[in-house]
Amino acid sequence: MLEITDLRKVYEDGTVAVDGLCLSVKAGEIFVLLGANGAGKTSTIMLILGFTEPTAGCVTLNGVDVQKDPLTAKKHVAYVSENVTLYGNFTARQNLEFFTNLTGRTNVTEEEYRAAFLRVGLAENAFHRRVSGFSKGMRQRLGIAIAILKNSELIVLDEPTSGLDPKGGFEFLEIISQLKAEDKAILMSSHDIFRAKAIADRIGIMRNGQIIEILDKERIKTADLEKIYIECMKEITAGATSAKVQ
Ligand SMILES: Nc1ncnc2c1ncn2[C@@H]1O[C@H](COP(=O)(O)OP(=O)(O)OP(=O)(O)O)[C@@H](O)[C@H]1O
Ligand SMILES: [Mg+2]
């Protein structure tokens, strides 16, 4: 579903944010990118979504090259950011319609809106309430309802559980697991080793724009993930941050 080949991103100031990254995520798989601040997770996600141009390498979604055919590629991916952008003065229902229309779907029935809303665990009586009064967890849920309505094969989430309380975080991951069961491919970034371990089929540990270690399900279950992560980060604590091209 998602194929990333030799992806590289050097920002204008010379920061190398993504450095020769290769990765594939299949339908029905949850891949979690773990990494410290500045490791390049968000930059990788921005490249997958076609929000920024790669310096080299390519991303394909269902075989469609994000750079060569961005409009078609974007149909295959839904995005949930850390702070979901919503209109506070609109109701949940109005936000669902507005953002779903933006994705190009205009034939959504009232029943579908309501079903997506309830599916993410939001209470029926909040459907017609203004989003300005929603908690962070409710906004995240609404963000994933919008992603569900887009009905794309790949869902990309950038730190979706950051700032959620433990129960909210747990429930959010349950929704992600259900989407996996529906054969969605899921790529998620996180700082949370505990939750990554609970949900991931594979975990990629990212440092300085590279995935330096990939753990499969078996290793995730048996290995001391925290220890592996700390080992991987050791060089950073020695003072290294993202490289710069001079
Ligand atoms: N627009 C930009 N221009 C220049 N440098 C940038 C830009 N965006 C990110 N960077 C740099 O690229 C590197 C990777 O940043 P990125 O935001 O991708 O990391 P991250 O893994 O998402 O970090 P975090 O966990 O803090 O969200 C960092 O050194 C960052 O300062
Ligand atoms: Mg980030």
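For this chain, numbers begin at 1 and follow the sequence in order. Just follow the structure's listing: the first ligand is 1, and inside any ligand the first atom is 1. Here the structure is a predicted model, which is why all the values come from computation and not from measurement.
Side-chain atoms of Ser189 and Asp158 form a donor-acceptor pair, as typed in the model, at a separation below 3.5 Å.
Neither Val16 nor Leu33 shares a network with the other; the hydrophobic side chains, linked directly or stepwise wherever heavy atoms of I, L, V, M, F, W or Y lie under 4.5 Å apart, form separate groups for each. Note: the hydrophobic cluster containing Ile230 does not contain Phe194 (ILVMFWY, side chain heavy atoms under 4.5 Å, direct or indirect links).
Short contacts between ligand 1 and Ser43, defined as distances under 4.0 Å to a heavy atom of the residue, involve ligand atoms 14 (C), 15 (O), 16 (P), 18 (O). In summary, the atoms of ligand 1 found under 4.0 Å from a heavy atom of Ala36, numbered by their order in the structure, are 21 (O), 25 (O). Taking a cut-off of under 4.0 Å to the non-hydrogen atoms of Gly38, the atoms of ligand 1 that pass are 13 (C), 14 (C), 15 (O), 19 (O), 20 (P), 21 (O), 23 (O), 24 (P), 26 (O), 28 (C). Residue contact check: Asp13 has heavy atoms under 4.0 Å from atoms 4 (C) of ligand 1. Numbered from 1 in the order shown, with element, the atoms of ligand 1 that lie under 4.0 Å from a heavy atom of Ala39 read 19 (O), 20 (P), 21 (O).
Residue-and-atom listing of protein N/O/S atoms under 2.8 Å from the Mg ion (ligand 2), sorted by chain and number: Thr42 OG1.
For residues 98-109, the pairs satisfying side chain to side chain donor-acceptor pair (under 3.5 Å) are Arg105-Glu112, with sequence neighbours left out.
For Thr15, every heavy-atom contact with ligand 1 shorter than 4.0 Å involves the side chain, none the backbone.
Proximity annotation for atom 27 (O) of ligand 1: of Arg207, Glu82, His191, Glu159, Glu159 comes nearest, heavy atoms only.
Between the side chain of Thr91 and the backbone N or O of Arg129, no donor-acceptor pair lies under 3.5 Å.
Within a 6.0 Å radius of NZ in Lys26, other residues, nucleotides and ligands contribute 12 heavy atoms or fewer.
The N/O atoms of Ala17, backbone and side chain alike, include none that comes under 3.5 Å of an N/O atom in ligand 1.
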